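In what follows, a structure is listed as structure tokens, so that the remarks can point back to it.
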2 protein chains.
Amino acid sequence: MQQSALLTKMASLVTLTDEDRRALEALSIDEVPVARRRALLTQGARPDHFHVLLSGWAARYEVRADGSRRITGFMLPGDFCGIHAICHASMDHAIIAITDCVVGRLDAAAVDAVAARQPAINQAIWRAKLIDEAVLRKWLLFSTDAYQSVAHLLCELYVRASTVGLAARGRCRLPLTQEEIGDALGITAVHTNRVIQRLRNERVIDLSQHELTVLDAPALTRAAAFDRSYLAPWIAGEPSASLD
Amino acid sequence: MQQSALLTKMASLVTLTDEDRRALEALSIDEVPVARRRALLTQGARPDHFHVLLSGWAARYEVRADGSRRITGFMLPGDFCGIHAICHASMDHAIIAITDCVVGRLDAAAVDAVAARQPAINQAIWRAKLIDEAVLRKWLLFSTDAYQSVAHLLCELYVRASTVGLAARGRCRLPLTQEEIGDALGITAVHTNRVIQRLRNERVIDLSQHELTVLDAPALTRAAAFDRSYLAPWIAGEPSASLD
DNA sequence: CGCCCTTTTGAAGAAAATCAAGGGCAGTGG
DNA sequence: CCACTGCCCTTGATTTTCTTCAAAAGGGCG
């Protein structure tokens, strides 16, 4: 059942043939539930499996020398985590469950084999990595203006949720605390709070009960200078600031 | 001749068999010289070739809505640029020559074919990507303290230069202007200057004539909280703050 | 009911940006 | 040969943004 998150994600990355689907469905996935705030993968681990988030939200983070935490990415259902297994490398960061979630563990060699036989699958894995990287680069563009940063993060998460069917009509679940948002943007929780309140007062968004409602999408994308094309760079086309 | 940069890099990523070497040497590389400050790849381009920097330094950057520039990575000889070709994707960033340099253009399909036949080559490309990503994540950890950020960037660049034989005995070429360093760290050139002067006054480094000399490596790595293991995560071992 | 986690608010302080201007050095051209 | 020009580095004064510290107010849950 949960396995569908992987198919949904793959289908959003490439056009899957029936054979691709069969190959994916044939993969044996070990479903591991992880409770909120528990680690999915720890720093220094050498995962020997390929991991996919099947349900819930997770975050990648690293702890600084001074003990502060920086979140370097959020993971939604269908996202891969710890592709390090492919490279027999150790994790230089940790992954934590933001909400209760279920992780799928796949045999790394089996994934390799499928990727080798089905070019589309291989392509999909590369594209997923490409997006990961593009998102990291976008995050590096933040840092100047907190208002813009928060707006951009909300746009990113809304579009990504939408891509896997978790957002509609301007609403989506956003199970992040303000502290987590701050850790992702490199600002304090206090400052995050003030920025979010400004976005609320200006009637750009509503954000409460871990539910995001985009009230004024044009204003939000304008504030964020958001262009969604980096989230699907293989699609030719004009820059697009729309969220849906 | 220049082609050796690719072999040097590959050899630093994986153990190459003679057959791997032959396969790499058999690749036809189109050598394209690019003058300082000229574009290697432009934003929006859809590269149909696989690019490798053969000599010189380059930088990946993106221009913000307000016109400011953020450098999101530096490229040294042997580094790949625009792997987007693998995914038939358009570049969401641009690449510029920091110094005069030579780029190698390889046929994407030919690289694909070699990667499919030689597992080590495929592995090497993945590892290179993994490092790219790890570097991006480290850069996200900056942003708190400019002194630490500058120190960390210097450590990163020194180690990367060293890996491809461009650094020795605490010295390496560092052809960056202070403005470029600032654009990479998200701080102004003025502030960059003050930080570098502090590092100089404290006798931690010498930096002039585009030549970096590490005078006090322990002090530098301490200031940076530097641990080089993210630059070769497949090597098991303790954290290492050493630069050589 | 009371506890913990999260959000909210206020005031003071620090880091870095901004603005402005001077100086060194290399290359160019008269 | 020397003035000129452009690029980069340097320095100072002021302002903005964000942090830090502190404390209070909600809100869900045992």
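Since we're looking at a predicted model, the values are computed, not measured. Note on naming: letters A, B, ... go to the chains in the order of the sequence lines (proteins, then strands), and numbering restarts at 1 for each one.
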Report task. On the 0 to 90° scale, with breaks at 30° and 60°, tag the A/Phe142-A/Trp139 ring pair as parallel, tilted or perpendicular. Result -> parallel
Query - Base-pair map of DNA chain D as dot-bracket, where | denotes pairing with a different strand and pairs are Watson-Crick or G-U under 3.5 Å - result: ||||||||.|||||||||.|||||||||||
Report summary line: Ordered by number, residues from residues 196-205 of chain A within less than 4.0 Å of DNA chain C (heavy atoms) are A/Gln197, A/Arg200
**Report entry** Test side-chain contact (heavy atoms from CB on, under 4.5 Å) applied to A/Ala168 - qualifying residues, sequence neighbours left out
**Finding:** none
Filtered N/O pairs between nucleotides 11-17 of chain C and protein, under 3.5 Å:
| residue | atom | partner | partner atom | Å |
| --- | --- | --- | --- | --- |
| C/dA11 | N6 | A/Arg194 | NH2 | 3.3 |
| C/dA16 | OP1 | B/Thr144 | O | 3.4 |
| C/dA16 | OP1 | B/Ala146 | N | 2.8 |
| C/dA16 | OP2 | B/His191 | NE2 | 3.2 |
| C/dA16 | O5' | B/His191 | NE2 | 3.2 |
| C/dA17 | OP1 | B/Thr188 | N | 3.2 |
| C/dA17 | OP2 | B/Thr188 | N | 3.2 |
| C/dA17 | OP2 | B/Thr188 | OG1 | 2.9 |

**Report entry** Polar side chain donor-acceptor pair, A/Asn201 to A/Gln197, under 3.5 angstrom
**Finding:** no
**Report entry** Residues in ring pair (Phe, Tyr, Trp, His ring centres under 6.0 Å) contact with A/Tyr158, at least two apart in sequence or another chain
**Finding:** none
Query raised in the report: Taking CZ from A/Arg37 and P from C/dC4, how many angstroms apart are they, rounded to a whole number?
Result: 16 Å
What does the list of N/O pairs under 3.5 Å between the protein and nucleotides 28-30 of chain D look like, with a distance for each?
none

Query raised in the report: Taking only N and O in the side chain of B/Gln178, is any of them less than 4.0 Å away from OP1 or OP2 of D/dT10?
Result: yes
Query - Side chain B/Arg60, main chain B/Met75, donor-acceptor under 3.5 Å - result: no
Query raised in the report: Can you tell me if B/Glu62 and A/Tyr230 form a side-chain donor-acceptor pair at under 3.5 Å?
Result: no
Query raised in the report: Is there side-chain contact between A/Val195 and A/His191, with at least one heavy-atom pair below 4.5 Å?
Result: yes
Query raised in the report: Think A/Asn193 has a side-chain N or O under 4.0 angstrom from the OP1 or OP2 of C/dT8?
Result: yes
